[in-house]
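See below for the structure under consideration.
Computed from a predicted structure; not experimentally measured.
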Amino acid sequence: MWTPALTDEPPENHLDRLGTIFARFDRQDSGNVSYGVAVGGERYFVKTAGHPDHTPFLDHAQRVDLLHNAVRLARTHRHPALPALRAVIDSAHGPMLVYDWAAGELVGVPRGQRDDPASSFQRFRSLRSDRLLAALDTIVDVHDLLGGAGEVAGDFYDGCLLYDFTTHRLSLIDLDHYRPGPSRNEMGRMFGSSRFMAPEEFIRGALIDQRTSVFTMGRTAQIFFSEHLRGPLREVVTRACHPDPAERHNSLPEFCAAWRKARRN
Ligand SMILES: Nc1ncnc2c1ncn2[C@@H]1O[C@H](COP(=O)(O)OP(=O)(O)O)[C@@H](O)[C@H]1O
Ligand SMILES: [Mg+2]
């Protein structure tokens with residue numbers, strides 16, 4: 001269905017011929033341009049780096065590099081909560097990544113809407129605690145898989161969470177900044193939402209490793225679950241969010257094991 005793997009057309013023309021574009025994501029901070037496309041009765045999410053002349057923050061070559069990293073990630077790790085990558089098509093604007101469409105609403109909303117009880121952010125936060133915990137278990141499960149393979153999280157925040165309030169399925173999207181191992185912070189303030197970021201993500205030259213990812217997991221639990229955190233689960237999360245990486249769990253699998261143990265209590 002997604003052949004040929006090569007086209008000299010811009011993505012939109014190509015997709016228009018293959019099926020019906022029903023959604024457009026063209027106002028992203030990333031500079032990427034993505035589409036919801038219906039083809040043969042199925043829905044897909046097609047991600048591109050956008051127009052080569054468009055240079056908001058990252059230039060086109062840098063955006064394409066991140067998409068190649070997303071391809072690497074999707075081809076290396078498969079999980080039911082990660083929309084499957086079905087095809088990669090080279091176009092006039094670089095690669096088009098064809099993923100399964102994930103139903104649901106983005107949990108992350110602009111800051112100004114975060115206090116609105118009608119926002120997906122607040123509706124997610126006020127889910128029944130067993131549903132919320134199940135969603136956090138899914139996030140932990142994905143990070144156990146990725147962490148076990150050495151991946152280090154980058155730019156994980158609530159804008160990576162798509163939640164279907166009808167089926168209660170959670171999908172994790174946009175993990176394009178994850179890296180296959182530790183790295184040095186070369187930016188000072190790195191990409192990301194400061195609510196989820198560890199202190200070392202603000203310090204140029206600092207080591208960014210899975211202990212950084214552990215912090216982000218802990219913040220995720222605090223942001224969505226603070227009122228419900230007590231007992232052993234609270235201890236796990238407090239340790240994960242320690243400002244000093246040496247005081248946190250040593251790796252994602254270690255954090256995930258501690259989380260699961262505390263969940264059983
Ligand atoms: N697999 C998917 N299914 C449905 N919608 C998606 C999917 N992946 C992303 N989206 C939607 O598209 C938006 C942009 O995608 P994202 O991967 O975050 O791109 P960007 O790199 O531009 O931030 C997301 O905020 C989300 O609303
Ligand atoms: Mg995004």
Side-chain angles (χ1 to χ4, degrees), residues 2 11 15 21-38 42-50 58 63-88 94-110 119-121 123-125 127 132 134-147 149 151-179 191-193 195-197 213 216-217 219-220 223-224 252:
W2 294 100
L15 296 174
I21 297 176
F22 63 86
R24 219 175 239 97
F25 303 91
D26 53 6
R27 283 161 193 219
Q28 308 294 116
D29 294 338
S30 62
N32 295 329
V33 176
S34 303
Y35 306 88
V37 188
E42 300 286 342
R43 294 193 299 169
Y44 298 92
F45 175 78
V46 178
K47 185 162 186 172
T48 85
L58 294 177
R63 302 199 297 273
V64 167
D65 279 348
L66 282 170
L67 291 186
H68 285 147
N69 187 51
V71 171
R72 175 192 70 78
L73 204 78
R75 289 192 173 152
T76 317
H77 316 285
R78 290 185 176 79
H79 188 280
L82 299 174
L85 180 68
R86 298 295 173 190
V88 180
M96 302 163 57
L97 279 53
V98 182
Y99 291 96
D100 283 343
W101 180 261
E105 295 174 58
L106 203 63
V107 173
V109 300
S119 69
S120 46
F121 179 83
R123 282 184 292 130
F124 184 73
R125 276 195 72 211
L127 282 169
L132 198 47
L136 289 171
D137 285 344
T138 300
I139 298 172
V140 168
D141 201 46
V142 169
H143 284 85
D144 199 17
L145 173 81
L146 298 179
E151 300 282 348
V152 175
D155 198 12
F156 179 84
Y157 72 123
D158 45 13
C160 301
L161 304 176
L162 269 177
Y163 191 71
D164 187 328
F165 287 88
T166 311
T167 62
H168 298 287
R169 268 183 61 92
L170 179 76
S171 302
L172 276 69
I173 56 155
D174 199 9
L175 307 184
D176 307 0
H177 288 263
Y178 280 44
R179 295 197 185 205
F191 283 118
S193 160
R195 291 171 297 143
F196 292 80
M197 286 162 71
S213 316
T216 296
M217 292 293 102
R219 287 296 296 149
T220 305
I223 286 164
F224 291 111
L252 277 168

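Using a 4.5 Å heavy-atom cutoff, the side chains of L58 and D65 are not in contact. Counting heavy atoms from C-beta outward, K47 and D174 have side chains that approach closer than 4.5 Å. The closest side-chain heavy-atom distance from S34 to F45 is below 4.5 Å. With a 4.5 Å cut-off on side-chain heavy atoms, L175 and L82 count as touching. Counting heavy atoms from C-beta on, the side chains of M197 and Y157 never come closer than 4.5 Å.
Between R63 and A49, the shortest heavy-atom contact is NE-O, 2.7 Å. Residues Y178 and R72 approach most closely at O-NH2, 3.6 Å, considering heavy atoms. The shortest non-hydrogen separation linking L132 to R125 is CD2-O, 3.5 Å. Shortest non-hydrogen contact noted between E105 and S120 is OE1-CB, 3.8 Å. For the pair T48 and N32, the tightest heavy-atom approach, listed with the atom from each and the gap, is O-CB, 3.2 Å. Contact record, E151 with L252: O-CD1, 4.0 Å, taken as the closest heavy-atom pair.
Annotation: the span from D137 atom CG to D144 atom CG amounts to 11.5 Å, rounded to 0.5 Å. Summarising the geometry, atom CG belonging to L66 is positioned 4.5 Å from atom NE2 belonging to H177; distances are rounded to the nearest 0.5 Å.
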- request: Dump the intermediate steps for side chain to side chain contact (heavy atoms under 4.5 Å, CB included) on D155 and F196, then the final yes or no.
  value: CA-CA 8 Å; D155 198 12; F196 292 80; over 6 Å; no
field: Stepwise side chain to side chain contact (heavy atoms under 4.5 Å, CB included) check, F165 with L127
entry: CA-CA 9 Å; F165 287 88; L127 282 169; 4.2 Å; yes
message: Checking Y163 against R169 for the side chain to side chain contact (heavy atoms under 4.5 Å, CB included) test, could you report, in this order, the C-alpha distance in whole Å, the side-chain angles of both residues, the deciding distance, and whether it holds?
response: CA-CA 6 Å; Y163 191 71; R169 268 183 61 92; over 6 Å; no
message: Pair L161, L172 - check side chain to side chain contact (heavy atoms under 4.5 Å, CB included), show working.
response: CA-CA 5 Å; L161 304 176; L172 276 69; 4.1 Å; yes
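The ring of F121 has its center closer than 6.0 angstrom to the ring center of F224.
Here L106 pairs with L162, I173 under the side-chain contact (heavy atoms from CB on, under 4.5 Å) rule; sequence neighbours left out. Q28 pairs by the side-chain contact (heavy atoms from CB on, under 4.5 Å) definition with F25, S30, not counting sequence neighbours.
Of the possible polar contacts, one joining the N69 side chain to the D176 backbone as a donor-acceptor pair under 3.5 Å is found. The main-chain N or O of L85 is never found under 3.5 Å from a side-chain atom of R75 such that the two would form a donor-acceptor pair. Panel note: side chain D100, backbone R86; no donor-acceptor pair is recorded below 3.5 Å.
Annotation: R195, atom CZ; neighbour count of heavy atoms from other residues, nucleotides and ligands within 6.0 Å is above 12.
Checking Y99, W2, W101 one by one against Y44, the ring pair (Phe, Tyr, Trp, His ring centres under 6.0 Å) holds for a single residue, W2.
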